[in-house]
Amino acid sequence: MADKLEPIWRAVAAIPRGAVDSYGGVARSAGLPGRARLVGHALKVAPAELALPWHRVLNARRRISFPKGSDEHHRQRQLLEREGVRFEGGRAIPATTAIADLDAWLWKPRPGPNHE
DNA sequence: GTTGTGACGACTT
DNA sequence: AAAGTCGCCACAA
């Protein structure tokens, strides 16, 4: 078994339900920065027994990488929606977006007394 | 060895 | 926004 694929599979398995990650993000988590394509390959050849949440991996634009209209595309979208991920204009909105938005609000430089 | 392809991504037009 | 270009590298022919 290729040693490179195992850390990738682990990283994918670690994506929480309702969340999504990108191929590049998974690659970095696996200690293989710049190897996004390898992640795609790893998922393609992943043994079914691992039951990986492969559907939580999208491309950097948070879009499904399969051609729109393909069976795989539809299957992935259905699996994501089943766990609370919504789609707007083909873009995936993770179930944890509310938290991400709050985080952005907390960090956004807003008008008012600000001390550095 | 060389070439083309690809579940990708960052950058530049 | 959309289309190129380039870097990445495993794999098949």
Side-chain angles (χ1 to χ4, degrees):
Chain A
M1 214 56 106
D3 291 350
K4 308 240 185 75
L5 305 187
E6 280 181 17
I8 290 173
W9 292 333
R10 275 199 298 277
V12 172
I15 303 172
R17 196 174 174 288
V20 297
D21 200 352
S22 65
Y23 294 91
V26 168
R28 285 189 293 276
S29 297
L32 296 164
R35 304 302 308 282
R37 302 188 87 127
L38 181 58
V39 173
H41 177 70
L43 291 179
K44 181 158 64 175
V45 304
E49 305 85 73
L50 294 181
L52 293 177
W54 59 269
H55 53 283
R56 297 177 190 150
V57 185
L58 307 177
N59 63 29
R61 290 141 106 195
R62 274 200 257 99
R63 291 172 161 291
I64 292 172
S65 281
F66 293 112
K68 182 182 176 183
S70 68
D71 284 1
E72 288 288 39
H73 180 105
H74 189 261
R75 184 148 42 248
Q76 182 168 16
R77 174 161 177 162
Q78 191 168 19
L79 286 166
L80 286 169
E81 289 181 325
R82 182 209 288 178
E83 56 185 48
V85 177
R86 299 188 304 141
F87 280 85
E88 291 178 12
R91 320 286 249 79
I93 311 298
T96 58
T97 294
I99 295 170
D101 286 344
L102 175 60
D103 197 57
W105 181 84
L106 289 172
W107 274 93
K108 177 179 290 181
R110 45 185 203 282
N114 210 342
H115 60 79
E116 269 305 308

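Chain letters run A, B, ... following the sequence lines, proteins first and then strands; every chain starts at 1. Note that the structure is predicted; figures quoted are calculated from it, not measured. Quick note: numbers below take in every heavy atom, side chains included, and nothing from hydrogens, waters or symmetry partners.
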* Structure fact -> Taken to the nearest whole Å, CG/A:L5 to C1'/C:dC11 is 12 Å
* Asked: Using a heavy-atom distance cut-off of less than 4.0 Å, which residues of residues 21-43 of chain A contact DNA chain B?
  -> A:S22, A:Y23, A:G24, A:A36, A:R37, A:G40, A:L43
* Distance, nearest 0.5 Å, that separates CZ of A:R56 from CG of A:D21 -> 11.5 Å
* **Contact residues, residues 68-83 of chain A to DNA chain B [heavy atom, < 4.0 Å]** => none
* To do: Check the distance between B:dG9's C1' and A:R62's CZ and give it to me in whole angstrom.
  => 15 Å
* Between CD on residue A:E81 and NE2 on residue A:H55, distance to nearest 0.5 Å -> 11.5 Å
* **Straight-line distance of A:Q76 CD to A:W54 CH2, nearest 0.5 Å** => 5.0 Å
* Asked: CG/A:L79 to CZ/A:R77 distance, rounded to the nearest 0.5 angstrom?
  -> 12.5 Å
* Asked: The side chain of A:N59 lies closest to which of these nucleotides: B:dA10, B:dC8, C:dA10?
  -> B:dC8
* To do: First locate atom OG of A:S22, then atom CZ of A:R61, and finally report the distance between them rounded to the nearest 0.5 Å.
  => 13.0 Å
* Asked: Does OP1 or OP2 of B:dG6 have a side-chain N or O of A:K44 closer than 4.0 Å?
  -> no
* **Distance, rounded to the nearest Å, where A:R61 contributes CZ and B:dA10 contributes C1'** => 12 Å
* Structure fact -> One should read off an interatomic distance between A:L80 CG and A:R17 CZ, to the nearest 0.5 angstrom, of 10.5 Å
* Go through the steps to decide whether A:E88 and A:R91 satisfy the test salt bridge (Lys or Arg N to Asp or Glu O under 4.0 Å), and finish with yes or no. => CA-CA 5 Å; A:E88 291 178 12; A:R91 320 286 249 79; over 6 Å; no
Would you tabulate the side-chain donor-acceptor contacts of residues 27-53 of chain A under 3.5 Å, counting partners in other chains and residues two or more places apart, or write 'none'?
unit_1, atom_1, unit_2, atom_2, d
A:S29, OG, A:G25, O, 3.1

